[in-house]
Amino acid sequence: MAETLYKDTTYPVSLLVELIKTGKIALPDIQRPFVWQATKVRALFDSMYKGFPVGYLLFWDTGAEVGARQIGVDTVKAAPHHLIVDGQQRLTSLFAVMTGATVLHDDYSESRIRIAFRPTDATFAVTDAAIEKDPEFIPDISVLWQPGGLWATKKAYLKALTARREVDDAEEQRLEEAIHRLHDLQQYPFKVIELSAAANEEQVAEIFVRINSEGVALVQADFILTLMSVFWEKGRRDLEEFCRACRVPSLGDAAPFNWYIQPQPPQLLRATVALAMRRAVLKQIYVLLRGKDVETGKPSPEKRDAQFARLAEAQEQVLNLTNWHEFLLCLERAGFRGKKMISSENAIIFSYAIWLIGRVDYQVPIARLREVMARWFFMAHTTGRYSGSFESQVERDLAQFAGLAKGDANGFVAVLSKIVNDTLTTDYWEIRLPNELDSSAAKSPALLAYIAALNIVDADALLSTGKVRARLDPAVTAKKGIERHHLFPRAYLRKQGITSTKMINQIANMALVEWHDNISISDQSPTEYWPDEVRKKGLSRATLEVQSRWHALPEKWTKLSYDAFLSQRRKLMAGVVRDAFNRLADSGYAPVYPKAGKPTGPPAPARTWYGVRVVDLIDAGLLPANAVLINPTDDVEARVLADGRIEFDGVRYDSPTGASDVAHGGSTNGWAYWLADTSAGLRPLAALRDELRKTDDGEDG
């Protein structure tokens with residue numbers, strides 16, 4: 001007979017709450033932070049009140065020996081006996097409502113869950129301002145389970161109700177019975193399945209998937225974070241707090257906020273594991289942290305504590321603000337100015353791990369480390385080194401340091417330099433990179449490398465005296481700034497029979513210009529608009545030659561066929577990237593970016609006029625019927641019909657948002673999403689709506 005890995009039992013709610021309070025049951029974020037809406041919490045209490053079943057709870061025996069304590073000299077907290085694998089949202093709801101505790105949301109904000117109850121008809125509701133003032137409701141049922149709460153709540157409720165209307169003895173009795181019945185929910189029995197400590201993480205994950213109805217899958221990082229909740233809760237909380245602080249700018253004290261990444265705990269956990277154990281495959285780390293004895297297969301408390309001590313030492317370095325911000329300066333040196341230029345967060349995380357290894361284990365001086373790591377990050381991000389099956393690649397990279405002695409700074413730098421040089425060969429620069437530029441993807445690593453290169457060489461925007469890097473300041477949300485402009489205009493190419501969006505939006509057909517240049521060129525051919533634009537700008541011949549070089553314009557490019565232009569420009573762009581990358585090895589090079597400014601706050605919400613329709617734009621002459629709509633980020637195209645409907649992928653939609661939701665695969669604002677191809681260039685539908693509104697209001701005179 002197969003070994004049974006579980007047993008059934010029943011817990012009353014009051015016991016569950018008490019065991020969580022005392023730490024015997026851990027309530028870790030194994031399914032991420034609290035994500036239920038308050039309405040689901042309301043429905044949970046309603047079902048319990050009516051005596052309906054509300055599902056089971058799945059616990060996992062931690063295997064922590066009796067009396068085991070969490071690691072850390074400053075804590076005497078006992079390790080919990082059980083973990084909640086399934087049912088966290090229900091148990092979090094019950095615990096939060098019955099104790100009045102706050103919950104952590106997925107955006108790291110905290111709040112209380114406030115549920116109201118109307119005893120007259122046993123109605124539960126989410127508390128709002130109206131309910132607060134309604135004497136028919138107990139506005140926050142949490143007070144019922146506080147010491148003396150039942151009696152105080154009944155008294156306060158009946159006093160407020162009788163002040164508003166007459167309540168006879170029979171009704172008062174019914175109301176009291178309803179309140180008592182609500183209070184007695186603390187005795188509601190929950191069915192619990194307890195998994196044995198003998199079950200390994202793979203079995204737990206499979207059991208969870210088989211019986212869980214929410215479609216959630218557990219991954220190895222979940223189990224490691226869970227183990228941290230059991231044996232090192234402070235470490236997990238420190239990790240979560242760091243990630244939370246990365247999202248919020250600080251105007252005073254030092255903080256991990258930055259313009260590149262808002263990491264999640266599993267991401268920084270990977271950096272910690274790489275530094276502590278030179279591993280990337282988290283399954284192996286889980287086994288190590290369980291402290292299993294190789295011979296017996298049983299967990300060893302001594303080995304477990306030793307492994308967690310290594311993890312704690314490494315996490316201290318990972319969360320060190322000086323390390324964090326010094327590393328991020330490597331990205332700035334490499335020409336990357338903010339999140340919009342990052343296509344791979346893995347490249348940041350694992351480059352940070354390697355930076356830490358260089359700094360902590362090999363004592364590479366900061367200035368030297370910044371040089372070599374800027375080149376490393378540029379290489380890793382541009383080549384997609386940590387995309388796809390990245391764990392194997394990370395472990396191959398980490399293995400390169402195995403033969404180095406501690407403190408061997410020269411050896412560390414030599415290892416990284418060799419990998420970079422072996423990756424970015426002549427064939428890469430002359431063949432592979434030009435081929436990767438044969439794309440229309442707005443987040444192509446090859447395109448982002450080219451933009452980074454323009455930052456490194458401190459290039460002007462094309463036909464401008466303004467710098468590309470100044471316009472890419474991540475702290476400034478400019479309404480009108482730098483844009484990617486079609487060198488061969490869209491409308492012009494369509495006249496030549498080139499109608500494919502992917503062909504028109506080729507990376508090699510786009511140049512960085514300032515916004516007013518983009519809208520003035522319209523649908524003219526390059527031979528028409530380019531000489532006129534050059535004359536209007538009044539740039540010197542020397543300046544124009546430098547701009548033509550950095551913006552990779554082929555000689556006599558305006559007279560080339562479109563295919564020949566794309567082919568030649570891709571090679572020139574790759575050459576610009578190569579030249580800029582070589583500058584990173586020059587110890588005399590330093591980026592001249594202005595210091596990123598303080599956040600300007602969230603952009604002002606777009607004005608909305610609900611009465612304006614697309615057909616109104618057509619009637620006003622602002623949008624031609626059959627106009628093409630595009631979204632360059634998603635690389636999709638739609639068409640405006642004469643009746644104002646939007647046709648996308650053969651389906652007709654009544655509104656821009658209906659079409660954009662399908663095109664994007666999620667909720668959107670269609671007026672902001674779609675750019676219309678007009679005689680004045682590409683313009684958001686929202687801008688055309690603004691123009692119509694101004695005309696209607698008499699703002700145009």
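Everything quoted here is computed from the prediction, not taken from an experiment.
- In terms of heavy-atom proximity, Ala374 sits nearest to Ala334 at O-CB, 3.6 Å.
- Here Arg236 pairs with Glu240 in a salt bridge; the nearest charged N to carboxylate O distance falls below 4.0 Å.
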Hey, mind stepping through Arg279 and Glu395 against side-chain contact (heavy atoms from CB on, under 4.5 Å) and telling me if it holds? CA-CA 6 Å; Arg279 299 287 183 88; Glu395 295 212 339; 3.8 Å; yes
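- In this structure, CD1 on Ile342 lies 4.0 Å from CD1 on Ile348, to the nearest 0.5 angstrom.
- A heavy-atom distance below 4.5 Å is found between the side chains of Asn410 and Asp408.
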Working for side-chain contact (heavy atoms from CB on, under 4.5 Å), residues Ile84 and Thr92: CA-CA 10 Å; Ile84 302 167; Thr92 299; over 6 Å; no
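- Met341 has its side chain out of reach of Tyr260: every pair of non-hydrogen atoms, C-beta onward, lies at least 4.5 Å apart.
- Heavy atoms only, all atoms of each residue included: Leu319 and Phe242 are closest at O-CE1, 3.4 Å.
- Although no hydrogens or angles enter the test, the distance criterion places no donor-acceptor pair under 3.5 Å between the side chain of Tyr673 and the main chain of Pro656.
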Are Arg310 and Leu288 close enough, and set up right, to give a side-chain contact (heavy atoms from CB on, under 4.5 Å), and what steps lead you there? CA-CA 11 Å; Arg310 291 176 62 189; Leu288 288 174; 5.6 Å; no
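- Scanning all heavy atoms of the two residues, the minimum distance from Ala453 to Val577 falls at CB-CA, 3.8 Å.
- Between the side chains of Gln267 and Arg270, not a single donor N or O lies within less than 3.5 Å of an accepting N or O.
- Here the CH2-CZ distance, from Trp355 to Phe327, works out to 9.0 Å after rounding to the nearest 0.5 Å.
- Contact between Phe378 and Ile456 at its shortest, heavy atoms only, is CE1-CD1, 4.0 Å.
- Within the model, atoms CG of Leu448 and NE2 of His381 stand 5.5 Å from one another, a figure rounded to the nearest 0.5 Å.
- Ile507 contributes atom CD1, which lies 9.5 Å from atom CD of Glu436 (distance to the nearest 0.5 angstrom).
- Counting heavy atoms from C-beta outward, Leu487 and Leu462 have side chains that approach closer than 4.5 Å.
- Contact between Phe257 and Arg247 at its shortest, heavy atoms only, is CD1-C, 3.9 Å.
- Ion pairing between a basic and an acidic side chain is recognised when a charged N comes within 4.0 Å of a carboxylate O; Arg469 and Asp458 show such pairing.
- A donor-acceptor pair is defined here as one N or O able to donate and one able to accept, closer than 3.5 Å; such a pair exists between the side chain of Tyr352 and the backbone of Val318.
- Every side-chain contact (heavy atoms from CB on, under 4.5 Å) that Ala442 has, sequence neighbours left out, goes to Arg484.
- Using a 4.0 Å cut-off between a side-chain N of Lys or Arg and a carboxylate O of Asp or Glu, Asp238 and Lys234 qualify as a salt bridge.
- Remark: side-chain polar atoms of Trp324 are paired, donor with acceptor, to backbone N or O of Pro256 under 3.5 angstrom.
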Do Asn421 and Met379 pass the side-chain contact (heavy atoms from CB on, under 4.5 Å) test, and can you show the C-alpha distance, the side-chain angles, and the key distance before you say yes or no? CA-CA 9 Å; Asn421 294 334; Met379 177 277 295; over 6 Å; no
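- Salt bridge present: Glu345 and Lys339 bring a charged side-chain N and a carboxylate O closer than 4.0 Å.
- Atom NZ of Lys443 has more than 12 neighbouring heavy atoms from other residues, nucleotides or ligands inside a 6.0 Å radius.
- Partners of Asn320 according to the side-chain contact (heavy atoms from CB on, under 4.5 Å) rule, which considers only residues two or more places apart in sequence or in another chain, are Thr322, Asn323.
- In this structure, Asn509 contributes its side chain and Ile504 its backbone to a donor-acceptor pair below 3.5 Å.
- Annotation: side chain of Phe412 is in contact with side chain of Ile354 (closest heavy-atom distance under 4.5 Å).
- Scanning for side-chain contact (heavy atoms from CB on, under 4.5 Å) contacts around Ala638 gives Leu629, Ile646, Phe648, Trp674, with sequence neighbours left out.
- Put simply, the side chain of Arg359 gets close to the backbone of Val364: a donor and an acceptor are under 3.5 Å apart.
- Counting all heavy atoms, side chain and backbone alike, Phe336 lies closest to Phe377 at CD1-CE2, 3.7 Å.
- Here the side chain of Gln506 pairs no donor or acceptor atom with the backbone of Leu566 at under 3.5 angstrom.
- In this structure the side chain of Tyr428 reaches within 4.5 angstrom of the side chain of Thr383, judged on heavy atoms.
- Considering Arg569, Lys502, Arg570 as possible partners of Asp438, the one that fulfils the salt bridge (charged side-chain N to carboxylate O under 4.0 Å, His left out) test is Arg570.
- Between Leu369 and Glu326, every side-chain heavy-atom pair lies at or beyond the 4.5 Å cut-off.
- Judged purely by atom type and a 3.5 angstrom limit, Arg432 has no side-chain atom pairing as donor or acceptor with the backbone of Trp429.
- Of the possible polar contacts, none joining the Arg337 side chain to the Ala452 backbone as a donor-acceptor pair under 3.5 Å is found.
- Two residues are said to be in side-chain contact when any heavy atoms from C-beta on lie closer than 4.5 Å; Ser660 and Asn631 fail this criterion.
- Judged by distance alone, with hydrogens and angles left aside, the side-chain atoms of His551 form a donor-acceptor pair with the main-chain N or O of Asp460 at under 3.5 Å.
- Within the 4.5 Å cutoff, side-chain heavy atoms of Tyr386 are placed close to those of Val394.
- Using a 4.0 Å cut-off between charged nitrogen and carboxylate oxygen, Arg368 and Glu371 do not count as a salt-bridge pair.
- Judged purely by atom type and a 3.5 angstrom limit, Arg333 uses its side chain to pair as donor or acceptor with the backbone of Leu584.
- A 6.0 Å sphere centred on CD of Gln363 holds more than 12 heavy atoms belonging to other residues, nucleotides or ligands.
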